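One-based numbering, in listed order, for ligands and for the atoms of each. Note that the coordinates shown come from a computational prediction; the quantities given were computed from them, not determined experimentally. Count residues from 1 along the sequence.
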Amino acid sequence: MSDPTPTEIAEAKRALAKALRVVVLTGAGVSAESGIPTFRGPGGLWKQFRAEDLATPIAFGRDPRLVWEWYAWRRAEVAKCRPNAAHLALARWMLSRPGVTLVSQNVDDLHERAAREVAGDADRAARVAPIRLHGSLFHDRCARCNHRTEGGAVDATSLETLPHCAECGGLMRPDVVWFGEMLPARAVETAFAAAGEAEACLVVGTTGAVYRAAGVAHTAKAAGASVIIVDPGQTELDAIADLRLQGKAGEVVPLILG
Ligand code: OAD
């Protein structure tokens, strides 16, 4: 892997600075330097665990305790991690200029935590909150009535100890999107509207293998946006990239947004 050249960095900065509207699409790679494993790379979650056993409504129906055990473990692991230089640079940049929509596939809430750290108060932080296409690891939703709550520590030793809904008594589930499920409609609508108006699209740390999320970059490209990819590896979106910056998010993103 060769680092991006100063010319490439300057080109990316220029494209982003001159765009009145920018859509940013992030994936697991933006959180890799925070210590959170990606899904498909070496050591990736889907290399160690079977998504069919853990991240589908059928798996939850079959064995909710097992599914919760895995999510409780992930929740605890991710809670120990901190936003890295890429999350912080994105939050600072969004606060410094209008016209940026951040769309994330991540459920780790690190963009939200970076926004709170950088903004200082909740109102400013809310202005730069990401659109979450795949939900949040830190929220629960009732599997029966859809009532949503903040999620806490989960005792997954038995069915009885799992969280239950305060409204209807049903079993709570992690409020994340599983394979075979629809994405939240409002999030999709807002993300694609932003993509359709974007003059630049910054894609950070995603293989672009999962749709509809990857469609955000395609929609922006079709609308005439310059597509800039930051990723140390190859991605399925490379074919539509105007500029590919090969490198780690925590190193490259602060350079192009600084
Ligand atoms: P993947 O694991 O598919 O891709 C991670 C990407 O991050 C790869 O392109 C890596 O090269 C890149 N990467 C690794 N380290 C990086 C670093 N330090 N800086 C920048 N990039 C780095 O993850 P996603 O594309 O996010 O869905 O996966 C998409 C969806 O698939 C996830 O949201 C999840 C999963 O199944 C759901 O849970 C619904």
Side-chain angles (χ1 to χ4, degrees), residues 1 3-4 12 24-60 67 70-71 74-75 78 81-90 102-111 114 130-139 141 173-184 187-188 191 202-218 227-241 244-257:
M1 183 174 79
D3 290 342
V24 181
L25 174 67
T26 64
V30 78
S31 298
E33 289 149 87
S34 294
I36 301 177
T38 61
F39 290 94
R40 296 176 180 78
L45 289 172
W46 297 151
K47 295 273 163 70
Q48 306 173 54
F49 302 98
R50 280 163 43 96
E52 306 88 296
D53 294 339
L54 300 165
T56 71
I58 293 172
F60 187 72
V67 171
W70 192 67
Y71 278 96
R74 274 184 71 198
R75 192 176 271 181
V78 170
C81 298
R82 289 184 32 79
N84 65 47
H87 300 106
L88 294 168
L90 271 165
L102 172 59
V103 180
S104 188
Q105 299 165 83
N106 298 346
V107 296
D108 58 31
D109 283 14
L110 288 184
H111 285 305
I131 295 169
R132 289 193 285 233
L133 288 181
H134 293 163
S136 161
L137 196 51
F138 295 95
H139 289 80
R141 167 157 67 87
R173 54 164 279 181
D175 192 12
V176 298
V177 175
W178 283 328
F179 287 95
E181 292 188 316
M182 304 279 283
L183 273 56
V188 169
L202 174 62
V203 180
V204 185
T206 176
T207 45
V210 171
Y211 283 80
R212 301 195 67 196
V216 168
H218 286 283
V227 177
I228 300 159
I229 296 184
V230 176
D231 199 297
Q234 295 189 331
T235 82
E236 295 189 18
L237 294 170
D238 289 354
I240 61 163
R244 251 190 61 76
L245 303 177
Q246 244 192 331
K248 293 182 175 176
E251 292 166 10
V252 178
V253 171
L255 287 179
I256 60 176
L257 302 184

* Enumerate the atoms of ligand 1 whose separation from the nearest heavy atom of T207 is less than 4.0 angstrom. => 1 (P), 3 (O), 4 (O), 6 (C), 8 (C), 9 (O), 25 (O)
* L137 backbone acceptor or donor facing R75 side chain under 3.5 Å -> yes
* **Enumerated ligand 1 atoms positioned under 4.0 Å from heavy atoms of G27** => 26 (O)
* Asked: Are any side-chain N or O atoms of N84 and backbone N or O atoms of A86, one a donor and one an acceptor, separated by less than 3.5 Å?
  -> yes
* Would you say ligand 1 has an N or O under 3.5 Å from any N or O of V210? -> no
* **Per atom 20 (C) of ligand 1, closest listed option by heavy atom (G135, A249, A86, A55)** => A249
* Asked: To the nearest 0.1 Å, how far is atom 22 (C) of ligand 1 from its closest protein heavy atom, and which atom is that?
  -> P232 CD, 3.2 Å
* Could you find the nearest protein heavy atom to atom 33 (O) of ligand 1 and give me its residue, atom name and distance? => H134 ND1, 2.8 Å
* Asked: Looking only at N/O atoms, are Q234 and ligand 1 under 3.5 Å apart anywhere?
  -> no
* Can an N or O of F39 be found at a distance shorter than 3.5 Å from an N or O of ligand 1? -> yes
* Asked: Are any of the N or O atoms of A28 closer than 3.5 Å to those of ligand 1?
  -> yes
* Asked: Okay, side chain of S31, backbone of S34: is any donor-acceptor separation there less than 3.5 Å?
  -> no
* Asked: Among H87, Q105, H111, whose side chain to side chain donor-acceptor pair (under 3.5 Å) with T26 holds?
  -> H111
* To do: Please name all residues satisfying side chain to side chain donor-acceptor pair (under 3.5 Å) with R141, sequence neighbours left out, ordered by chain then number.
  => N146, D175
* **Taking every non-hydrogen atom, the tightest pair across T206 and D231** => N-OD2, 3.4 Å
* **Minimum non-hydrogen distance to atom 5 (C) of ligand 1, winning option of G205, G247, G41** => G205
* To do: Measure the distance from atom 38 (O) of ligand 1 to every protein heavy atom, then report the residue, atom name and distance (to 0.1 Å) of the closest one.
  => V177 O, 4.0 Å
* Structure fact -> Ranked by distance from atom 17 (C) of ligand 1, the top protein heavy atom is G29 O, 3.3 Å
* Tell me which protein heavy atom sits closest to atom 9 (O) of ligand 1, plus the residue, atom name and distance to 0.1 Å. => D231 OD2, 2.8 Å
* Of all the atoms in ligand 1, which lie at a distance below 4.0 Å from a heavy atom belonging to W46? -> 35 (C), 36 (O)
* To do: May I ask you to test the V252-P4 pair for a side-chain heavy-atom distance under 4.5 Å?
  => yes
Under 3.5 Å, sequence neighbours excluded: what are the donor-acceptor pairs made by side chains of residues 36-48?
| residue | atom | partner | partner atom | Å |
| --- | --- | --- | --- | --- |
| K47 | NZ | R40 | O | 2.5 |
| Q48 | NE2 | G43 | O | 2.8 |

* Which residue owns the protein heavy atom closest to atom 15 (N) of ligand 1, what's the atom, and how far is it? -> A32 CB, 3.7 Å
* To do: Could you tell me whether a side-chain N or O of E251 sits under 3.5 Å from a main-chain N or O of K248, the two making a donor and an acceptor?
  => no
* Validation row: L245, I256 side chains within 4.5 angstrom (heavy atoms) -> yes
* Structure fact -> atom 28 (O) of ligand 1: closest protein heavy atom, distance to 0.1 Å, is R40 NH1, 3.0 Å
* **Polar contact flag for T235 and ligand 1 (N/O pairs, less than 3.5 Å)** => no
* **Heavy-atom check, side chain of D238 versus side chain of R244, under 4.5 Å** => yes
* Asked: Nearest to atom 29 (C) of ligand 1 by heavy atom, E33, Q105, E236, Q246: which?
  -> Q105
* Asked: Can you name the closest pair of heavy atoms from P254 and A249 and give their distance?
  -> CD-O, 3.4 Å
* How far is atom 25 (O) of ligand 1 from its nearest protein heavy atom, and which residue and atom name does that atom have? -> T206 OG1, 2.6 Å
